[in-house]
Amino acid sequence: MRYCARMPRFVNVAAAQLGPIARTDTRAQVVKRLIELLQQAHAMGCTLVVFPELALTTFFPRWYFASSNELDAFYEREMPGPETQPLFDRARQLGVGFVLGYAELTTDDDGTEHRFNTSILVDQQGNIVLRYHKVHLPGHAEHEPWRRFQHLEKRYFEPGRGFGVARAFGGVMGLAICNDRRWSETYRVMGLQGVEMIHIGYNTPVHNPPAPEHDNLSMFHNHLVMQAGAYQNGTWVVGVAKSGCEEGCEMIGGSAIIAPSGEIVAACTTTGDELAIARCDLDLCNSYKRSVFNFEAHRQVHAYGRITSQTGATPPK
Ligand code: CDV
């Protein structure tokens, strides 16, 4: 009898957690930190390094800016640009791909500006193979001085239009950003495109001004949603924090690599610059996608109409 071994589809992934970035830190200082983590990950055999949301600056939506000059300094107009080119160059030299979150400012031909909370997937040759604009923008659009700190993502970004995936690193890769991870729709829309690994960068303050009673549960909720999203869609999830005390705001760490079983297979233990590393077998997705979450066999779309036809809840009278 012939033994027919399948070719394993391993991706050695590093969740490259960042500690705080000060408001005065330059792009050059931050990019140096990213390159250091990239090199460490490469030395440990990784081919894909995942950085957090808005990884090039401090988390600026915590402040209200009356002047757009001050605000504009936090956005990238080109990617790579002069300050981020060294990261692309070093990654290409090492043959390492990466995921990077940043604030993006684009201008249409007619002069209309667009601001997005963006994440890109860069392959081992330095090509951007997937670009994602954050869909679920949390917080508020107006200055709310009663808060200990602002969360003005609804003011500073426009929402993205959907969740795409790309074939890369031998599998099907997807991107989401921070608050997206709390919404089951995020994972399912990518699950329906056969996603096998979703990369999610985040900046999550421990304190939630509108619901301080959740503060003690912030780490539990972080893992709960990503583990559920992984299991329910038979996909790997790589969640990566910017963490620690940034400009007086305490943010959770807990960066983790989660298997399609929903189990955490690697996690960071500090709130500083740190790598969590795992050898991820993309074929571990198969048994979930072919059995309990075989969408073709078991989904009942006739019962799901409300998911896309209404936004708020309408309880019975
Ligand atoms: N950057 C984020 O999207 N943060 C939100 C906070 C505001 C709750 C999060 O979901 O973690």
Side-chain angles (χ1 to χ4, degrees), residues 18-35 51-89 98-120 122 128 131-161 175 177-180 201-205 207-210 240-251 273:
L18 288 177
I21 298 178
R23 192 165 160 182
T24 51
D25 286 351
T26 62
R27 297 285 200 288
Q29 286 171 312
V30 176
V31 166
K32 202 165 160 229
R33 280 166 66 185
L34 303 184
I35 291 174
F51 296 112
E53 174 189 34
L54 300 177
L56 296 172
T57 65
T58 197
F59 189 78
F60 63 91
R62 74 166 66 90
W63 293 289
Y64 174 77
F65 297 105
S67 116
S68 72
N69 278 353
E70 237 181 330
L71 178 65
D72 287 357
F74 292 104
Y75 293 79
E76 312 301 313
R77 287 184 178 271
E78 44 181 345
M79 187 55 66
E83 289 147 319
T84 43
Q85 189 66 54
L87 174 67
F88 280 71
D89 291 346
F98 61 91
V99 171
L100 180 70
Y102 64 98
E104 180 182 10
L105 177 50
T106 64
T107 310
D108 293 343
D109 292 343
D110 67 1
T112 311
E113 285 192 341
H114 300 279
R115 292 160 192 269
F116 298 107
N117 187 337
T118 298
S119 180
I120 49 170
V122 180
I128 297 175
R131 181 184 301 268
Y132 167 71
H133 296 149
K134 186 174 182 177
V135 168
H136 298 100
L137 297 171
H140 47 108
E142 301 304 325
H143 190 205
E144 296 187 6
W146 63 267
R147 292 172 182 255
R148 227 185 274 168
F149 49 84
Q150 303 294 295
H151 198 107
L152 284 157
E153 284 196 65
K154 286 196 195 297
R155 185 180 188 87
Y156 298 151
F157 301 115
E158 63 183 86
R161 288 166 177 270
L175 298 170
I177 303 179
C178 196
N179 193 260
D180 289 323
Y202 58 92
N203 283 262
T204 298
H207 174 56
N208 183 358
V240 188
K242 173 136 68 58
S243 60
C245 188
E246 190 178 84
E247 298 291 352
C249 180
E250 202 64 55
M251 299 194 295
D273 290 12

Heavy-atom check, side chain of Glu83 versus side chain of Leu56, under 4.5 Å:
no
Test item: Leu54 and Asn117 side chains (from C-beta on) under 4.5 Å apart, heavy atoms
yes
Is the closest side-chain heavy-atom distance between Phe157 and Ile177 below 4.5 Å?
no
Under the criterion side-chain hydrogen bond (donor to acceptor under 3.5 Å, both in side chains), which of Glu247, Glu246, Gln150 is the partner of Arg62?
Glu246
Using a distance-only test with no angle check, is there a side-chain donor-acceptor pair under 3.5 angstrom linking Glu104 and His133?
yes
Just wondering, are more than 12 heavy atoms of other shown residues or ligands nearer than 6.0 Å to CZ in Arg23?
yes
Sorted by chain and number, sequence neighbours left out, side-chain contact (heavy atoms from CB on, under 4.5 Å) with Asn69 holds for Ser67
Between Ile128 and Phe88, is there a side-chain heavy-atom distance shorter than 4.5 Å?
yes
Could you measure the distance from the CG atom of Leu137 to the CD atom of Glu158? Nearest 0.5 Å is fine.
9.0 Å
Just so I know, are the side chains of Phe74 and Tyr156 near enough to count as touching, which here means a heavy-atom distance under 4.5 Å?
no
So, do Tyr75 and Phe60 have ring centers that fall under 6.0 Å from each other?
yes
Side chains of Thr106 and Phe116: closer than 4.5 Å at any heavy-atom pair?
yes
Spatial distance of atom CD1 (Ile120) from atom OH (Tyr132) [nearest 0.5 Å]
15.0 Å
Kindly check if the number of other-residue, nucleotide or ligand heavy atoms within 6.0 Å of CG (Asp109) is above 12?
no
Is the shortest distance from a Lys or Arg side-chain nitrogen in Glu142 or Arg155 to a carboxylate oxygen in the other one below 4.0 Å?
yes
Anything under 30° is parallel, anything over 60° is perpendicular, the rest tilted; go ahead and classify His143 against Tyr64.
parallel
With sequence neighbours excluded, tell me which residues meet side-chain contact (heavy atoms from CB on, under 4.5 Å) with Pro138.
Lys134, His151, Glu153, Asn179
